[in-house]
There are 2 protein chains.
Amino acid sequence: MATTQAAAVDRPPTIHDIAALCGVAASTVSRALSTPDRVNIRTRQRIEAAAAQLNYIPNSQAKALSSGRTGAVGVLVPDITNPFYFDLIRGTQLQLKAAGYTQLLVDTEESDEVEASTMEQLRKSADGIVVAASRLSDEALLAAAAKMPMVTVNRDVPGVPAVLIDTPSATTQALDHLISLGHTDIAYMAGPLTSQSSTRRWTALAEAAKERGVEVRALGPFAPKTQSGAVAADAAVHSGVTACIVFNDLIAIGMLQRLRERSIRVPEDMSIVGCDDIFGADFCNPPLSTMASPIEQAGRVAVSMLLAQLNPVAGGVTRSRSVMPTHLTVRGSTGPAPGMH
Amino acid sequence: MATTQAAAVDRPPTIHDIAALCGVAASTVSRALSTPDRVNIRTRQRIEAAAAQLNYIPNSQAKALSSGRTGAVGVLVPDITNPFYFDLIRGTQLQLKAAGYTQLLVDTEESDEVEASTMEQLRKSADGIVVAASRLSDEALLAAAAKMPMVTVNRDVPGVPAVLIDTPSATTQALDHLISLGHTDIAYMAGPLTSQSSTRRWTALAEAAKERGVEVRALGPFAPKTQSGAVAADAAVHSGVTACIVFNDLIAIGMLQRLRERSIRVPEDMSIVGCDDIFGADFCNPPLSTMASPIEQAGRVAVSMLLAQLNPVAGGVTRSRSVMPTHLTVRGSTGPAPGMH
DNA sequence: AAGGTATTGGCAACCGGTTGTCATTTCGCC
DNA sequence: GGCGAAATGACAACCGGTTGCCAATACCTT
């Protein structure tokens with residue numbers, strides 16, 4: 001039989017249901033749940049019990065609307081299918097979840113426009129964003145950071161908190177490694193022009209090369225995909241170098257494949273050093289020598305920095321810059337220069 | 001000088017700002033933007049111009065709260081670092097973005113509990129969900145599907161719309177391939193017990209083997225990680241089989257590494273067939289023969305089915321099941337059985 | 001026991017849209 | 001020119017929480 005009094009309807013319970021059940025005002029319920037110490041302990045326990053009984057789950061939309069905080073953090077990556085970002089994403093996801101935040105993951109498709117419009121979109125629906133390998137200009141990034149809390153990964157813009165992966169110094173390790181193997185003709189296979197990581201690596205590498213009196217030439221740019229490896233490999237062979245330090249593992253693995261097709265032996269005829277130590281770098285053929293860094297941790301740190309920015313602790317210092325150590329992992333793709341023993 | 005009239009404040013514009021600028025009611029603005037044909041064309045154009053001028057972006061929270069529709073879709077995957085899901089995620093993301101939806105990606109950590117609680121959470125903040133390789137029981141899944149629109153991927157539960165990747169039939173292809181190479185001792189390296197995909201593959205494989213009069217034994221279960229490859233490889237060697245059909249490429253690649261360590265040659269001593277054709281399957285050593293399927297497309301189809309469910313079109317038929325074709329891709333990890341030519 | 005302070009709980013406005021209702025306008029038609 | 005129907009726009013309630021403000025209550029002190 002139909003009844004006018006709201007029975008246990010199927011609609012999810014709200015604070016009003018709890019309030020009615022406990023005989024208090026809705027606002028009291030709200031306070032009991034979000035500002036526990038502003039409510040009588042007994043009342044609070046009654047409310048909590050009722051909430052548990054009703055299987056209450058707060059409506060995040062409503063919460064966001066009224067409080068202005070969404071409890072969500074946007075994570076922007078240029079290419080979601082690039083294995084490099086898997087670990088980063090997992091790091092951010094774990095850290096965000098631990099803090100009770102939701103992750104909004106967006107693939108910006110290597111496009112500065114998509115990146116910018118996404119940021120504008122997220123301005124309303126997220127409390128802050130983590131931007132990996134931004135393709136935006138320094139000015140655009142700085143302007144965006146002024147509008148909403150932001151932490152960048154692998155992008156150094158003064159005034160914007162950042163997690164930097166210290167690949168530049170690793171390129172020096174790679175260079176020394178190659179020099180110690182007798183290589184003197186070395187190329188740097190560059191990434192996209194808009195990638196600051198690529199620029200920073202090249203700068204560091206060129207300087208180190210100069211100090212050591214060897215010559216390193218830059219080739220490229222190459223898109224960060226395995227497919228680009230073919231062009232890159234051909235360019236390297238044509239240039240006559242005996243070793244390559246490659247922008248990232250994706251391209252490096254592509255080069256490995258192409259060199260194999262062309263019957264150019266790695267590392268006997270050509271040594272290859274990648275960067276990132278992505279999934280696959282350890283089981284490609286030959287296994288790739290590469291510059292490895294704690295990517296997942298970088299993701300966690302980025303989130304920590306962002307959350308510290310969102311919820312400032314009295315007396316806490318907010319770091320605005322964090323550098324992740326990087327080291328060279330030598331596997332099978334590097335060996336003595338041709339003609340050396 | 002201070003002014004009481006709200007000038008161009010920094011706060012993002014709302015429909016009220018637009019309404020004030022146009023001299024109409026806020027509700028008119030709302031209608032003009034969401035139900036364009038219920039408003040005078042001239043008024044609408046004025047409103048649209050004002051919206052553009054103010055750079056108006058609707059507040060998705062408020063929209064969700066009042067309309068009940070969030071414009072977001074949850075995508076649940078068991079392990080975000082499993083390359084198999086990259087393409088799936090990219091597929092869902094592309095299709096969702098094209099339809100103006102937001103993707104909420106969650107890693108359920110291969111846990112049925114995380115999966116269940118995530119669903120409960122998402123019930124409020126998403127309009128529907130895509131669940132890949134669910135670890136939930138049929139009953140739990142059916143119950144969850146009753147509460148919110150859902151499409152599963154690689155999980156067949158009557159009454160729940162699903163995108164199925166036809167790996168079972170591919171196992172038959174793999175079996176025939178191995179038989180044609182002279183193998184008679186074949187093992188199936190099983191995935192997690194809670195994975196229906198694994199069960200379905202085994203069922204299909206066992207039946208096909210029976211028809212063909214060969215014996216196939218099941219080994220495992222093994223966790224879907226490269227690390228499990230070592231145990232799997234050792235188990236395979238110990239069992240004396242000459243070929244393995246493996247639950248997925250992750251385990252298969254791990255096996256390849258282990259067999260190499262143990263100096264067991266692939267494919268001379270042992271043939272390996274993987275499943276999924278993930279990133280890396282083409283450049284591991286040797287390149288992996290595997291069962292490939294259009295994963296990204298599976299993601300797109302799953303989203304299409306979900307959206308069709310959310311926005312039923314008059315006269316449109318809603319497919320509740322879609323099977324993606326799968327075929328065997330032969331590379332270097334399969335060869336003639338030992339002693340055959 | 002009375003006065004004071006600290007704590008607690010309720011009211012109501014508000015966040016930014018959506019949507020039902022209804023009065024008004026506009027238009028077409030006879 | 002006047003009528004009716006359709007189109008249009010304004011009002012206000014509502015979604016589910018948060019929060020400022022104030023009154024009421026409790027507790028403590030002298």
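Chain naming here is simple, since letters A, B, ... match the order of the sequence lines and numbering starts at 1 in each.
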Collect all protein-nucleotide pairs involving nucleotides 9-12 of chain C in which both atoms are nitrogen or oxygen and the distance is under 3.5 Å.
| from | atom 1 | to | atom 2 | distance (Å) |
| --- | --- | --- | --- | --- |
| C/dG9 | OP1 | A/Thr43 | OG1 | 2.7 |
| C/dG9 | OP2 | A/Asn40 | N | 2.7 |
| C/dG10 | OP2 | A/Ala25 | N | 3.1 |
| C/dG10 | OP2 | A/Thr28 | OG1 | 2.5 |
| C/dG10 | O6 | A/Arg31 | NH2 | 2.3 |
| C/dC11 | N4 | A/Ser27 | OG | 3.1 |

Please report the end-to-end axis angle for the helix from C/dA1-D/dT30 to C/dC30-D/dG1, five pairs per end, rounded to 10 degrees.
30°
Ion pair A/Asp79/B/Arg90, N-O distance below 4.0 Å:
yes
Return no unless some side-chain N or O of A/Tyr56 is found under 4.0 Å from OP1 or OP2 of D/dG16.
no
Mark yes or no for whether A/Ser111, through its side chain, and A/Val114, through its backbone, hold a donor-acceptor pair below 3.5 Å.
yes
Rounded to whole Å, NE2 of A/His16 lies from P of D/dC15 at a distance of 8 Å
For the pair B/Arg321 (side chain) and B/Val160 (backbone), establish whether a donor and an acceptor sit closer than 3.5 Å, ignoring hydrogens and angles.
yes
Can you tell which of C/dG16, C/dT18, D/dT19 lies closest to the side chain of A/Ser67?
D/dT19
Got a donor-acceptor contact below 3.5 angstrom from the A/Gln103 side chain to the A/Ala72 backbone?
no
Over all strands shown, is A/Arg42 touching base, sugar-phosphate only, or nothing at heavy-atom distances under 4.0 angstrom?
nothing
With sugar-phosphate meaning primed atoms plus P, OP1 and OP2, does A/Asp17 contact a base, only sugar-phosphate, or nothing at under 4.0 Å between heavy atoms?
nothing
Rounded distance (Å) that lies between atom C1' of C/dG17 and atom CG of A/Leu65:
8 Å
Could you state the CD1-P distance from B/Ile15 to D/dC11, rounded to the nearest angstrom?
14 Å
Nearest-angstrom distance from the residue atom CG of B/Asn59 to P of C/dC15
12 Å
Expected output: side-chain B/Asp127 to main-chain B/Gly71 donor-acceptor under 3.5 Å
yes
Whole angstrom value for the distance that separates P of C/dT18 from CZ of B/Arg69:
9 Å
Rounded distance in Å - NZ (A/Lys124) to P (C/dG17):
7 Å
CD (A/Glu113) with more than 12 external heavy atoms under 6.0 Å:
no
Please answer whether the main-chain N or O of A/Val77 pairs with a side-chain N or O of A/Thr108 as donor and acceptor at a distance below 3.5 Å.
yes
Length of the line joining B/Leu54:CG and C/dG16:C1', which is rounded to integer Å:
15 Å
Across the strands shown, which category fits B/Arg44 at heavy-atom distances under 4.0 angstrom: base, sugar-phosphate, nothing?
nothing
So A/Ser30, base contact, sugar-phosphate only, or nothing? Heavy-atom distance under 4.0 Å.
base
Mark yes or no for whether A/Lys63, through its side chain, and A/Thr70, through its backbone, hold a donor-acceptor pair below 3.5 Å.
no
Is it true that A/Arg135 and A/Glu109 have a side-chain N and a carboxylate O under 4.0 angstrom from each other?
no
